[in-house]
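The block underneath contains the structure these notes are about, expressed in structure tokens.
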Amino acid sequence: MATRDVACRVLGVECHPLPYYTISLETPPDFPEVAPGQFVMALADPGRDPYLRRAFSVFDVSRAEGLPRLELLGKVIGRGTSRLAARRVGDNVHVLGPLGRGFRLEGAGRAALVAGGVGSAALLLLARALHAAGSAFDVLYGGRRADDLACADRFADLASGAGGELVAVTEDGSRGRRGLVTEALEDGLAASRWHSVFTCGPTPMMARVAALATRHGVPGQAALETPMGCGYGACLGCAVPHRDGRFALCCQDGPVFDFDEVSW
Amino acid sequence: MATRDVACRVLGVECHPLPYYTISLETPPDFPEVAPGQFVMALADPGRDPYLRRAFSVFDVSRAEGLPRLELLGKVIGRGTSRLAARRVGDNVHVLGPLGRGFRLEGAGRAALVAGGVGSAALLLLARALHAAGSAFDVLYGGRRADDLACADRFADLASGAGGELVAVTEDGSRGRRGLVTEALEDGLAASRWHSVFTCGPTPMMARVAALATRHGVPGQAALETPMGCGYGACLGCAVPHRDGRFALCCQDGPVFDFDEVSW
Amino acid sequence: MASPPLTSPQAVDLAVRVGTLELGNPILSASGTFGYGLEFAHLAPLEQFGGIVTKGLSLEPLLGNPPHRICETASGMLNSIGLQNIGIRRFLDQVLPDLADYPAKVVVNLFGTTPDEYVRLAELVEPQPGIAAIELNVSCPNVKRGGIQFGHDPELLGDLVRRIRAVTGKPLIVKLSPNVTTPAAIALAARQAGADALSAINTLVGMAIDTRTRRPRLHTVKGGLSGPAIKPIALRIVFDVARASGLPVIGIGGIETVDDVLEFLLAGASAVQVGTALFRDPRTAARLVGDLRQRLFEDGIASARELIGGVLLEPGA
Amino acid sequence: MASPPLTSPQAVDLAVRVGTLELGNPILSASGTFGYGLEFAHLAPLEQFGGIVTKGLSLEPLLGNPPHRICETASGMLNSIGLQNIGIRRFLDQVLPDLADYPAKVVVNLFGTTPDEYVRLAELVEPQPGIAAIELNVSCPNVKRGGIQFGHDPELLGDLVRRIRAVTGKPLIVKLSPNVTTPAAIALAARQAGADALSAINTLVGMAIDTRTRRPRLHTVKGGLSGPAIKPIALRIVFDVARASGLPVIGIGGIETVDDVLEFLLAGASAVQVGTALFRDPRTAARLVGDLRQRLFEDGIASARELIGGVLLEPGA
Ligand SMILES: Cc1cc2nc3c(=O)[nH]c(=O)nc-3n(C[C@H](O)[C@H](O)[C@H](O)COP(=O)(O)OP(=O)(O)OC[C@H]3O[C@@H](n4cnc5c(N)ncnc54)[C@H](O)[C@@H]3O)c2cc1C
Ligand SMILES: Cc1cc2nc3c(=O)[nH]c(=O)nc-3n(C[C@H](O)[C@H](O)[C@H](O)COP(=O)(O)OP(=O)(O)OC[C@H]3O[C@@H](n4cnc5c(N)ncnc54)[C@H](O)[C@@H]3O)c2cc1C
Ligand SMILES: Cc1cc2nc3c(=O)[nH]c(=O)nc-3n(C[C@H](O)[C@H](O)[C@H](O)COP(=O)(O)O)c2cc1C
Ligand SMILES: Cc1cc2nc3c(=O)[nH]c(=O)nc-3n(C[C@H](O)[C@H](O)[C@H](O)COP(=O)(O)O)c2cc1C
Ligand code: FES
Ligand code: FES
């Protein structure tokens with residue numbers, strides 16, 4: 001497992017609008033391939049506030065002038081995410097990664113990608129991979145209001161290019177369908193639209209997604225979020241209750257778990 | 001005593017070269033007059049590293065487009081001074097000030113201003129005030145090497161405009177006289193060149209300056225430096241041993257003290 | 001919640017009681033961090049404070065320790081001021097009268113090196129209507145008992161509190177030291193001896209060395225650690241002593257944001273004191289009053305009292 | 001200094017001894033913060049560590065506590081991992097053999113809930129040539145003695161150490177809890193019972209509450225505070241126990257920079273352990289070895305040993 005700890009130059013920070021933002025980072029040439037669902041631990045500031053790094057899904061990767069670029073999608077919540085959002089072009093962000101076990105694409109068939117808010121950050125590379133593999137998929141993207149569906153157009157382009165669609169769902173109806181994203185999922189599952197489900201978002205949402213898919217006999221995977229002290233297996237802080245009664249480590253055994261691995 | 005706590009926009013940071021830098025801050029229109037030798041407590045970053053503000057002499061003041069500007073001269077030493085140096089145009093720096101008791105100019109006569117390194121930060125406004133009052137003065141500016149005499153030219157201009165001169169002194173001889181600034185002071189005192197001495201720099205240097213001046217019967221004032229928790233009299237952390245056996249507060253009773261007030 | 005919807009932040013009720021001490025809001029300044037209050041009226045709106053706890057007062061004025069007295073540490077600071085103060089008499093004569101102009105309750109923080117000194121201090125305070133409560137700083141060594149700190153020994157502490165209780169009817173708050181194995185045992189002793197309330201915590205003993213000079217950063221070698229760094233410890237002790245003693249508690253330690261205030265209230269504090277954060281920003285206490293009002297309004301909580309001890313625990317915890 | 005001038009950083013002698021434990025340099029990883037070491041060989045140059053202290057090991061594997069197990073605090077973190085570990089036997093069979101490839105000394109950190117468990121652990125470790133020393137985690141409640149922590153009672157601690165001493169000839173390091181009134185008393189008890197060295201400090205008990213949910217941030221409500229926030233407390237305890245016991249001490253608590261290492265050595269530590277800082281940056285320990293070498297070179301100090309206990313105190317302090 002190739003993991004690097006590198007200083008990355010900030011190429012740009014874009015607001016979508018705040019609290020959502022994307023930050024582009026230029027990595028050294030030998031930065032390893034990132035699998036969909038993998039994450040990095042980012043240290044936005046050399047000071048001690050915050051002290052620990054924060055986990056960020058790798059939202060997108062690209063190459064420019066020979067150098068690999070990472071793009072992260074952040075939502076400003078507390079000290080770590082706001083520090084990162086405040087970086088400027090030319091600043092350094094330290095990145096440890098890629099980390100963890102990503103999505104497994106084998107046998108995905110026609111897939112539903114269910115994103116809740118900034119959880120979409122774990123799903124864009126997956127959409128790209130499915131697109132590249134010629135698999136059809138829909139993206140069910142939910143949030144409170146239209147602004148919570150940051151970068152939705154990127155998902156729309158990929159999904160429609162792969163013979164699927166973006167289903168936007170907002171609680172206040174300000175974009176797409178009004179209601180919960182899990183309601184849209186339930187409708188599609190009832191119509192046997194998908195062979196597999198991939199999800200990332202708030203834990204209660206993912207638990208509901210897993211329960212619905214399981215009820216309809218559709219397998220799936222979830223990219224989980226836990227507090228993380230280190231991201232690389234040292235602190236044992238990121239316990240996820242496993243079906244077998246033991247604790248898995250989100251950072252090492254995950255962050256992506258099969259629905260039936262997790263004791264929700 | 002008018003003291004304000006204000007957010008100031010950074011207008012620019014200039015290196016002289018590093019570790020020395022000046023930072024220009026735009027204050028609200030009603031920022032009070034600053035007396036030579038007064039200081040501000042600056043919070044460069046909203047985070048907790050460092051947690052406490054840092055004291056900075058007000059190096060210079062000016063007005064542009066109706067708004068008063070403060071200029072601070074910093075030397076990067078640790079967490080606080082490096083944070084401030086890393087600010088960029090448009091950032092906010094919180095400033096509490098002006099604080100403390102500045103230099104008293106009455107009866108200065110022909111004066112020697114003795115600066116040690118970044119201690120010069122406390123002396124530029126004094127030089128301006130003496131210049132404005134038509135008092136002649138010399139500036140004795142000491143450091144290890146040429147680079148330690150940051151902004152020396154500003155002092156040279158003011159001194160020569162007031163019928164005095166800049167005497168640069170470096171330990172390695174890379175600028176001006178080779179040796180210690182206190183040696184230059186001693187020569188001038190022996191020649192009865194001055195009626196008063198004003199100094200700011202490392203404490204051992206100031207102790208020596210005070211001892212020399214006193215030996216030659218010349219009165220003087222020193223802008224002292226102590227660790228400061230608050231800068232406004234609340235923490236009692238900035239004790240200065242007073243001749244009377246009690247402790248004065250550097251931030252309130254000082255930072256400027258008469259040579260004979262301090263138990264050096 | 002069953003309460004009627006709040007119409008504005010002003011409708012939020014911030015009043016709390018700490019035993020019989022009634023406060024307009026739960027935010028006080030901590031002892032030794034805001035002098036006697038008045039000096040800083042030009043920097044902070046004193047009238048908004050729920051209360052002001054004075055710098056520690058002794059029978060005679062104290063000059064304090066030689067420098068260096070403070071140094072910064074990660075998210076905190078060490079201090080060794082040496083209890084410099086103007087003495088109880090000058091405080092009563094020259095400061096207290098002017099403090100009467102403010103609605104903030106005045107709590108005097110008292111310390112001595114023998115029980116007799118404490119008793120004498122309490123006697124001098126007792127007839128003063130302008131003083132709302134007494135806070136005992138018991139992190140001082142008892143010179144007669146070989147320098148053991150009053151606050152480190154339940155028996156010593158109990159004897160001390162009993163003697164003071166006998167001479168004062170004012171609310172009596174015992175300020176707990178965190179530097180003990182079982183703060184709850186000290187809290188219980190305080191209760192049994194007649195204390196009305198507890199405040200927690202005082203500073204933790206710490207040390208720092210300047211590696212350039214190889215000298216301790218403080219003249220006294222060791223000093224007291226305060227600031228956000230100690231908040232988790234303070235919160236644990238507040239939680240423990242509130243449950244163990246049943247006494248009302250004033251939470252202290254690293255408080256800086258409205259979330260910090262809520263944490264302490266939820267853990268069981270009836271009010272809080274703000275210390276080191278005032279050095280960083282003299283307006284912290286007043287800001288917290290406003291932020292607390294706004295936050296409770298947004299969360300639809302009608303009274304700050306609803307939060308006290310409201311932490312949700314799993315059954316059995 | 002009288003020593004001949006150093007020609008290069010490589011000429012600096014970093015070797016130290018902690019009693020009879022000889023280390024190539026004074027930087028170890030702290031228990032519970034770097035697993036069993038090997039797992040992270042791809043992230044950090046293990047061969048540069050002076051030593052590796054294992055995750056706490058018990059007789060049987062432990063699953064640990066349910067989430068949440070950690071949360072960040074100001075310049076630190078709380079943890080309540082619940083001593084999750086693979087058990088001593090699997091460690092000895094499957095991990096230890098591979099650790100032999102590294103020059104870093106292997107120190108096993110052991111804990112139990114009865115003295116018998118500790119003794120059995122020590123017996124299993126005794127015949128293993130690959131284990132350089134034993135560190136006892138005594139911050140566990142003794143289930144037979146009503147849950148008092150071994151490390152909180154000099155008598156309990158003394159009995160425990162005596163029994164382990166009887167079955168092992170390996171350097172025996174007692175890891176001190178900071179959550180006691182007088183760490184020096186525990187240190188003395190450890191010495192009298194035959195401990196070879198001390199390590200200090202383990203975590204401080206703390207707590208945090210999520211004000212949105214009103215729930216404790218940790219499943220177990222309370223947890224252990226670590227990181228830079230606790231460094232001043234750690235340094236004070238190292239200073240005190242080194243002087244009081246005369247035993248060699250390994251300093252632990254918030255170490256992250258070469259200045260931190262120097263502070264602990266000057267305060268009396270013979271070596272240090274790095275914990276929480278490894279979470280932030282797995283290369284911290286290796287970086288510190290390099291930085292220490294460079295710093296001593298620049299300061300013209302020929303051996304790290306020259307620093308130990310070298311803090312300069314005023315006469316009488
Ligand atoms: C594998 C993994 C991948 C992740 N990927 C991303 C990503 O791509 N983009 C991203 O923005 N974040 C991502 N996160 C979350 C991120 O790492 C941070 O933990 C989180 O954003 C909060 O960090 P902070 O420092 O801003 O807030 P903190 O200062 O650590 O906490 C802020 C406060 O907010 C509370 N809080 C925590 N979560 C929420 C929430 N969702 N809403 C409201 N309050 C909350 C906390 O309890 C705390 O009180 C990921 C986490 C994991 C484990
Ligand atoms: C009244 C007053 C006015 C001041 N005016 C100015 C000013 O105009 N410009 C300015 O730059 N500073 C000024 N200072 C000093 C400034 O406030 C800082 O205290 C100082 O620069 C160090 O802060 P820091 O956060 O960078 O270092 P810290 O992180 O606080 O400390 C860094 C480390 O360096 C050590 N250290 C402290 N001083 C020195 C030194 N001189 N050389 C080497 N190591 C040192 C400390 O012991 C500590 O270990 C003033 C101080 C006072 C009290
Ligand atoms: C500089 C300073 C001086 C203090 N003086 C006193 C004092 O005189 N009496 C007292 O009981 N506590 C004193 N304290 C302790 C504070 O009242 C408070 O208990 C402690 O600092 C923790 O709160 P904080 O983290 O908000 O500062 C002092 C603290 C500081 C930082
Ligand atoms: C996540 C975590 C797990 C820990 N596990 C153990 C353990 O198993 N045994 C032990 O003796 N100490 C354990 N500790 C304590 C550390 O070894 C160390 O004493 C403490 O964290 C202070 O050092 P630091 O500030 O450098 O982290 C643990 C600390 C952390 C943060
Ligand atoms: S985050 Fe540290 S082990 Fe997973
Ligand atoms: S710096 Fe706080 S009283 Fe002077």
Side-chain angles (χ1 to χ4, degrees), chain A residues 1-7 32 41-55 77-81 83 94-99 202-204 224-242 244-252 254 262-264, chain D residues 29-30 32-40 42-44 55-56 61-86 208 210 212 217-219 223 226-229 231 254 256-257 275-287:
Chain A
M1 183 184 56
T3 300
R4 296 284 313 278
D5 185 5
V6 294
M41 294 296 287
L43 188 67
D45 184 276
R48 298 194 194 103
D49 186 8
Y51 187 63
L52 299 172
R53 298 183 188 224
R54 291 293 184 270
I77 304 238
R79 310 183 90 92
T81 47
R83 276 270 173 215
H94 287 262
V95 158
L96 178 73
L99 292 160
T203 306
L224 299 194
E225 242 190 57
T226 65
M228 285 192 176
C230 67
Y232 66 90
C235 73
L236 307 185
C238 59
V240 171
H242 197 277
D244 68 9
R246 292 187 299 166
F247 296 107
L249 292 183
C250 187
C251 71
Q252 245 181 209
V262 180
S263 169
W264 287 98
Chain D
S29 60
T33 64
F34 219 54
Y36 312 102
L38 278 183
E39 312 93 289
F40 312 118
H42 63 296
L43 291 175
K55 175 80 194 138
L62 282 180
L63 295 180
N65 291 330
H68 290 176
R69 292 180 169 186
I70 56 170
C71 77
E72 183 161 341
T73 63
S75 296
M77 65 181 281
L78 289 167
N79 90 79
S80 159
I81 306 303
L83 295 167
Q84 175 175 343
N85 78 97
I86 58 174
D210 185 331
R212 286 180 306 136
R217 285 191 185 276
L218 298 178
H219 180 87
S226 63
K231 195 188 75 171
E256 184 186 18
T257 68
T276 302
L278 291 167
F279 301 157
R280 177 173 153 119
D281 180 355
R283 291 179 300 191
T284 306
R287 171 174 54 74

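Just the heavy atoms: all of them, side chains too, but no hydrogens, waters or symmetry mates, feed the values below.
Using a 4.5 Å heavy-atom threshold, the side chains of A:Cys230 and D:Pro282 count as separate. Looking at heavy atoms from C-beta onward, A:Thr3 lies in side-chain contact with A:Leu99 at the 4.5 angstrom threshold. Between D:Glu72 and A:Arg54 the shortest side-chain heavy-atom distance falls below 4.5 Å.
With a 4.5 angstrom heavy-atom cutoff, D:Arg283 touches chain A only via side-chain atoms. With a threshold of 4.5 angstrom between heavy atoms, D:Asp281 approaches chain A through its backbone and through its side chain. Of the atoms belonging to D:Leu63, heavy atoms from both backbone and side chain fall under 4.5 Å from chain A. For a residue to count as touching a neighbouring chain, one of its non-hydrogen atoms must lie under 4.5 Å from one of that chain's; by this rule D:Ala277 touches chain A with backbone and side chain alike. Looking at D:Gln84, both its backbone and its side chain come within 4.5 Å of chain A, counting heavy atoms on both sides.
Atom CD of D:Glu39 and atom CD of A:Gln252 lie 8.0 Å apart (nearest 0.5 Å).
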What donor-acceptor contacts under 3.5 angstrom involve side-chain atoms of residues 41-52 of chain A, with partners at least two apart or in another chain?
unit_1: A:Asp45; atom_1: OD1; unit_2: A:Gly47; atom_2: N; d: 2.6
unit_1: A:Asp45; atom_1: OD1; unit_2: B:Arg83; atom_2: NH2; d: 2.7
unit_1: A:Asp45; atom_1: OD2; unit_2: A:Arg83; atom_2: NH1; d: 3.4
unit_1: A:Asp45; atom_1: OD2; unit_2: B:Arg83; atom_2: NH1; d: 3.1
unit_1: A:Arg48; atom_1: NE; unit_2: D:Glu256; atom_2: OE1; d: 3.4
unit_1: A:Asp49; atom_1: OD1; unit_2: A:Arg79; atom_2: NE; d: 2.6
unit_1: A:Asp49; atom_1: OD2; unit_2: A:Arg79; atom_2: NE; d: 3.4
unit_1: A:Asp49; atom_1: OD2; unit_2: A:Arg79; atom_2: NH2; d: 2.9
unit_1: A:Asp49; atom_1: OD2; unit_2: B:Arg48; atom_2: N; d: 2.7
unit_1: A:Tyr51; atom_1: OH; unit_2: D:Glu256; atom_2: OE2; d: 3.3

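Contacts with chain D were tallied for A:Leu236, A:Leu96, A:Thr226; A:Leu236 has the most, counting heavy-atom pairs under 4.5 Å. Of the listed residues (A:Cys238, A:Cys235, A:Gly229), the one with the most heavy-atom contacts under 4.5 Å to chain D is A:Cys235. For the set D:Ser75, D:Pro228, D:Gly275, D:Ala74, the count of heavy-atom pairs under 4.5 angstrom toward chain A peaks at D:Pro228. Among D:Thr276, D:Ile70, D:Leu43, D:Ile81, the residue making the largest number of heavy-atom pairs under 4.5 Å with chain A is D:Ile70.
Among residues two or more places apart in sequence or in another chain, the ring pair (Phe, Tyr, Trp, His ring centres under 6.0 Å) test is passed with A:Tyr232 by D:Phe40.
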message = Pair D:Ser80, D:His219 - check side chain to side chain contact (heavy atoms under 4.5 Å, CB included), show working.
response = CA-CA 8 Å; D:Ser80 159; D:His219 180 87; over 6 Å; no
